[in-house]
Trainee: 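Please find one structure pasted underneath; my questions will follow.
Throughout, a chain's letter reflects where its sequence line sits, starting with A, and its residues are numbered from 1. Only a predicted model underlies this, so the values are computations on that prediction, with no experimental measurement involved.
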2 protein chains.
Amino acid sequence: MGFALLGLLAQEPLSGYDLKLRMERRVGNFWSAGHSQIYPELARLEGEGMVEHRVVEQQDRPDKKVYTITDTGLHELKEWVTAPVEPGVVRDELVLKAYSVWLADPEKAVTLFRDQQRLHKEQLLRYEEIGAWMEEEWGEDLYRLDSPRFAIYATLQRGISYERGYTEWCAWLAYRLESGVRGGGARA
Amino acid sequence: MGFALLGLLAQEPLSGYDLKLRMERRVGNFWSAGHSQIYPELARLEGEGMVEHRVVEQQDRPDKKVYTITDTGLHELKEWVTAPVEPGVVRDELVLKAYSVWLADPEKAVTLFRDQQRLHKEQLLRYEEIGAWMEEEWGEDLYRLDSPRFAIYATLQRGISYERGYTEWCAWLAYRLESGVRGGGARA
DNA sequence: ACCTCCTATGTCACTCTTGACATATGCTTC
DNA sequence: GAAGCATATGTCAAGAGTGACATAGGAGGT
């Protein structure tokens, strides 16, 4: 988790609240955390010398602590980025449901998967819009390997790839379920 | 988690150890659990009347407890299958690394993503082989909506879709990183 | 005045998950 | 006979993550 915060702080100094806004609906679409995780984690990172903070007084709103990544933190982050990853667990409740879909009322199942298809399709379109915007606004930066913009664009591409695959799978399964219903439970 | 076990027990009675073998490298490729989760969970499910067990004595190996799903458990499982899912969290360490890849040595990054590309490609090929085997061996069952084989095949399809998308993304990113290196850090 | 909302930071209890520890049977291999 | 392995079942401590609770300043509306 700490590396998600360090990754954000490597781009710019941020307060806990800023981090919460960025994490509380994904960093580059593939990580998330609530503020109840972020504040203790920042304290831990500060204890380990990875980040520092200074209090910034504000007039029209409460004061905030702005965190900056330290040289140590930046070094650790760089090491971590290219370190090997363990296979990691995938957990997807919808796929788990699909595993028991043979027990379900096919019409209800169609509704479930068509709904999910729509949701993932909507997310896909949002990502594609953002991608188009980045290509237009950020242009050459997307080819600059040492630019954060390149990295953000790269994670967005995974989001697009993920949502496209998910949408297609939902559509495929919903179609099979519909065909089966029309066919009376076996191939027509 | 309980529904993963119920989903397996709905197909056939199994011991904790059998469940462990099936869970300890995914149910339908999208869930996993160690035996330290399974045994307490089975006890919990039994306490709730979702499963029952009988002890089966064996000659050449230790006795085992074989668990069977109850009518209550089957009913709960059926209800759950078509119940709506909350968006759910995606957590992927490699994508998180990609978010900070602009800080890394591009050559090391290429190694990381090419390695991951290879691993996901291998998984994809394994899934595709299993899929081809299912199509050959299970034939018409794959169109029978009330057959567990249809459901297993459906989850496998998501595995194929996932691994294909992942492989392509790794390849795309590795290629961009390589092009950038050759181009000297910006577009050639 | 009161209420609600956004900003801002924090704690706490609970659940989920993992990895290590623990025990026992019986088979095969050295 | 000792060592290692597959089967078989469990516990426990620690970490990760979630949701609720708690506090507080200032803005804007009624």
Trainee: Measure up the B:F30 and B:Y162 rings against each other and bin them: parallel (under 30°), tilted (30 to 60°), perpendicular (over 60°).
Mentor: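 Ring orientation, 0 to 90° scale: perpendicular.
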Trainee: Given that A:Q58 and A:Q37 both sit by DNA chain D, which one's nearest nucleotide is further toward the 5' end?
Mentor: A:Q37
Trainee: In whole angstrom, what separates A:E57's CD from C:dA8's P?
Mentor: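 After rounding, the gap between these two atoms is 14 Å.
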Trainee: Take atom NE2 of B:H53 and atom P of D:dA8, then tell me their distance rounded to the nearest Å.
Mentor: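 About 15 Å, once rounded to whole Å.
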Trainee: Taking for each residue the nucleotide of DNA chain D bearing the nearest heavy atom, is the 5' side occupied by B:R91 or by B:D63?
Mentor: B:D63
Trainee: Measuring from the side chain of B:V89 (C-beta onward, heavy atoms only), which nucleotide among C:dG10, D:dT11, D:dT18 has the closest atom?
Mentor: D:dT18
Trainee: From CZ of A:R22 over to P of C:dT7, roughly how many Å is that when rounded to an integer?
Mentor: 12 Å
Trainee: Just to confirm, is there a sub-4.0 Å distance from OP1 or OP2 of D:dT9 to any side-chain nitrogen or oxygen of B:Y39?
Mentor: yes
Trainee: Starting from P on C:dT23, measure out to CZ on B:R61 and report it in whole angstrom.
Mentor: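 Atom-to-atom, B:R61 to C:dT23, this comes out as 24 Å.
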Trainee: Kindly point out which of C:dT17, D:dT9, C:dA8 is positioned nearest to the side chain of A:D18?
Mentor: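 The answer is C:dA8, which lies nearest to the side chain.
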Trainee: For the side chain of A:P62, counting heavy atoms from C-beta on, which of D:dG25, D:dA8, D:dG17 is nearest?
Mentor: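 It is D:dG25.
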Trainee: What are the two closest non-hydrogen atoms of A:G7 and B:S100, and how far apart are they?
Mentor: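 So the minimum-distance heavy-atom pair works out to CA-OG, 3.4 Å.
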Trainee: Using heavy atoms to find the nearest nucleotide of DNA chain C for A:S36 and B:D60 separately, return the residue whose nucleotide is more 5′.
Mentor: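 Nearest-nucleotide comparison on DNA chain C picks A:S36.
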Trainee: In terms of ring plane angle, is the pair A:H53 and A:Y67 parallel, tilted or perpendicular, where the classes change at 30° and 60°?
Mentor: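 Tilted, since the angle between the ring planes falls between 30° and 60°.
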Trainee: Nearest to the side chain of B:K64, heavy atoms from C-beta on, is which of C:dT17, C:dT18, D:dA8?
Mentor: D:dA8
Trainee: Determine, for A:Y175 and A:R114, whether the Lys NZ or Arg CZ falls below 6.0 Å from the six-membered ring centre while staying within 45 degrees of the axis.
Mentor: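 Geometry flag: not set, cation outside 6.0 Å or 45°.
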Trainee: Can you tell me if the side-chain N/O atoms of B:Y17 get under 4.0 Å from OP1 or OP2 in D:dT9?
Mentor: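 So the side chain of B:Y17 is outside the cut-off, no N or O lying under 4.0 Å from OP1 or OP2 of D:dT9.
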Trainee: Given atom NE2 of B:H35 and atom P of D:dA6, what is their separation to the nearest angstrom?
Mentor: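 Nearest whole value for this atom pair: 15 Å.
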Trainee: Is the number of heavy atoms from other residues, nucleotides or ligands within 6.0 Å of CD (A:E136) greater than 12?
Mentor: no
Trainee: Rounded to the Å, how far apart are A:Q59 CD and C:dT7 P?
Mentor: 17 Å
Trainee: When the distance from CZ of A:R44 to C1' of C:dT11 is rounded to whole Å, what number comes out?
Mentor: 18 Å
Trainee: Tell me: CE of B:M23 to P of C:dT17, nearest whole Å?
Mentor: 9 Å
